[in-house]
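Report on the following structure.
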Amino acid sequence: MPYAAPLWRSIRDDLRARIAAGLLKPGEKIPTTQKLMEQYSTSSATVRRAVDSMIESGELIGRQGLGVFVADTSEQDS
């Protein structure tokens with residue numbers, strides 16, 4: 001039986017792909033948890049786990065009361 005990755009990892013990978021493709025740009029706010037829940041047909045806990053993992057890795061920045069934004073990693077890369 002093939003191993004299926006947890007849904008939160010699929011969400012994280014999809015968000016990473018959208019950032020890499022330029023669909024989500026540095027400094028841009030990502031969709032709300034509610035919108036991501038609807039898009040992926042999953043719970044808020046699953047969405048939060050994906051987003052939190054990206055915040056921990058520095059790919060996203062959470063700003064209390066404002067939302068979650070794509071980090072500007074261009075300065076880190078140079």
Side-chain angles (χ1 to χ4, degrees):
M1 182 172 201
Y3 171 75
L7 183 56
W8 72 269
R9 286 187 184 166
S10 297
I11 295 168
R12 180 197 61 195
D13 293 347
D14 187 53
L15 288 171
R16 283 179 175 164
R18 290 164 65 183
I19 292 168
L23 299 174
L24 291 170
K25 298 178 180 5
E28 185 175 343
K29 186 175 178 179
I30 69 166
T32 64
T33 299
Q34 184 66 37
K35 288 191 186 291
L36 291 171
M37 285 169 50
E38 293 168 7
Q39 179 179 346
Y40 295 104
S41 301
T42 192
S43 69
S44 62
T46 301
V47 169
R48 287 299 324 160
R49 185 156 183 202
V51 170
D52 287 347
S53 74
M54 293 181 74
I55 290 172
E56 288 173 17
S57 67
E59 297 167 276
L60 299 176
I61 299 170
R63 297 204 173 118
Q64 190 164 358
L66 297 176
V68 179
F69 299 81
V70 177
D72 184 357
T73 58
S74 63
E75 294 176 8
Q76 296 171 355
D77 293 340
S78 49

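Keep in mind that what you see is a predicted model, and the values were worked out from it rather than measured.
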Value rounded to 0.5 Å, distance of [atom1] in [X] from [atom2] in [Y]:
X: S44; Y: R49; atom1: OG; atom2: CZ; value: 13.5 Å
X: R48; Y: S53; atom1: CZ; atom2: OG; value: 10.5 Å
X: I30; Y: L36; atom1: CD1; atom2: CG; value: 5.5 Å
X: I19; Y: E28; atom1: CD1; atom2: CD; value: 9.5 Å
X: R63; Y: I55; atom1: CZ; atom2: CD1; value: 11.0 Å

Could you please spell out the steps behind the side-chain contact (heavy atoms from CB on, under 4.5 Å) verdict for R16 and M54?
CA-CA 9 Å; R16 283 179 175 164; M54 293 181 74; 3.8 Å; yes

Check the pair I61, V68 against side-chain contact (heavy atoms from CB on, under 4.5 Å), reporting the backbone distance first and the verdict last.
CA-CA 6 Å; I61 299 170; V68 179; over 6 Å; no

[X] and [Y]: which non-hydrogen atoms are nearest, and at how many Å?
X: A5; Y: S10; result: O-OG, 4.5 Å
X: P31; Y: L24; result: CD-CD2, 4.5 Å
X: V70; Y: L60; result: CA-CD2, 3.8 Å
X: A71; Y: G58; result: CB-O, 3.1 Å

Ignoring hydrogens and angles, tell me if any N or O in the side chain of K29 forms a donor-acceptor pair with the backbone of L66 under 3.5 Å.
yes

Do any N or O atoms from the side chain of K25 and from the backbone of G22 form a donor-acceptor pair under 3.5 angstrom?
yes

State whether a side-chain donor-acceptor pair under 3.5 Å links S57 with E59.
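Side chains of S57 and E59: pair found under 3.5 Å.
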
Assigning hydrophobic clusters by single linkage (Ile, Leu, Val, Met, Phe, Trp, Tyr; side-chain heavy-atom cutoff under 4.5 Å), is Y40 placed with V51?
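In one cluster: yes.
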
For the residue pair D14 and Q39, establish whether any side-chain heavy-atom pair is separated by less than 4.5 Å.
yes

